[in-house]
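Everything below concerns the one structure shown next.
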Amino acid sequence: MSTLVSAGKVSQIPAGSMKQFKSGGLDILLANVGGRIFAVDNRCPHMGGNLSKGKLEGAIVTCPLHGSQFDVASGQVVRWLKGSGLVSAVGNAFKHPSEIKTYEVVISDDEIQISI
Ligand code: FES
């Protein structure tokens, strides 16, 4: 059974921007993509990069550490590590691409609630 957790106001996250939401053991990235709010795990599955410190382009967030990219709408990997050199090859060998967890978002007036 899931629980709804209040995660702030839509008006605090302008379109095209992101915000980190931490509460208890949760560390969630909230992203406003064209007026729609998405919630995903904030920690990159590669080595725990803080995605909220990365870059959001459309629905794609880029990890600030090694450039992996994820779709905040689906959680799917768009790119696993940046570049195709030796560092990327070694990184791929030790840690395989994995999606980020997505959370259902419920908006009530200006209030963001996340289903956990
Ligand atoms: S920690 Fe995100 S790409 Fe390495």
Side-chain angles (χ1 to χ4, degrees):
M1 188 171 150
S2 60
T3 305
L4 289 177
V5 174
S6 292
K9 308 275 186 203
V10 174
S11 56
Q12 296 171 327
I13 311 171
S17 70
M18 305 185 287
K19 185 178 179 204
Q20 182 180 21
F21 170 70
K22 289 181 89 168
S23 175
L26 294 173
D27 187 354
I28 292 177
L29 172 70
L30 299 169
N32 184 332
V33 179
R36 186 165 173 202
I37 302 294
F38 293 95
V40 297
D41 273 343
N42 185 47
R43 292 295 163 180
C44 177
H46 177 232
M47 291 178 66
N50 183 342
L51 295 176
S52 72
K53 303 290 185 199
K55 190 173 181 182
L56 181 68
E57 295 170 287
I60 309 302
V61 62
T62 302
C63 178
L65 291 189
H66 312 106
S68 289
Q69 295 181 318
F70 306 91
D71 185 323
V72 297
S74 66
Q76 291 186 332
V77 178
V78 175
R79 176 179 70 196
W80 188 249
L81 304 179
K82 186 176 183 180
S84 55
L86 180 62
V87 172
S88 181
V90 170
N92 272 317
F94 287 102
K95 191 87 179 190
H96 298 293
S98 62
E99 297 181 354
I100 50 175
K101 180 176 172 55
T102 60
Y103 298 87
E104 182 185 347
V105 173
V106 177
I107 304 294
S108 176
D109 293 325
D110 191 37
E111 178 91 18
I112 301 168
Q113 293 186 309
I114 302 168
S115 179
I116 59 168

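When a ligand or atom number is given, it counts from 1 through the structure's own listing order. Numbering of residues begins at 1 and proceeds along the displayed sequence.
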- Message: Once salt bridge (charged side-chain N to carboxylate O under 4.0 Å, His left out) is applied, what residue pairs with a partner in residues 66-78 remain, sequence neighbours excluded?
- Response: none

- Any side chain to side chain donor-acceptor pair (under 3.5 Å) involving residues 47-57? Give me the pairs, sequence neighbours left out, ordered by first then second residue. Asn42-Asn50, Asn50-Ser52

- For the pair Asp27 and Arg43, find out whether any cationic side-chain nitrogen is under 4.0 Å from an anionic carboxylate oxygen. yes

- Task: Can you check the number of protein N/O/S atoms within less than 2.8 Å of atom 2 (Fe) of ligand 1?
- Result: 2

- Query: Does Gly67 offer a backbone N or O that forms a donor-acceptor pair with the side chain of Arg79 under 3.5 Å?
  - Reply: yes

- Shortest non-hydrogen separation from Phe38 to Val72 and the atoms involved: CB-O, 3.6 Å

- Message: Test of understanding: with side-chain contact (heavy atoms from CB on, under 4.5 Å), list the residues that count as partners of Ser2, not counting sequence neighbours.
- Response: Ser115

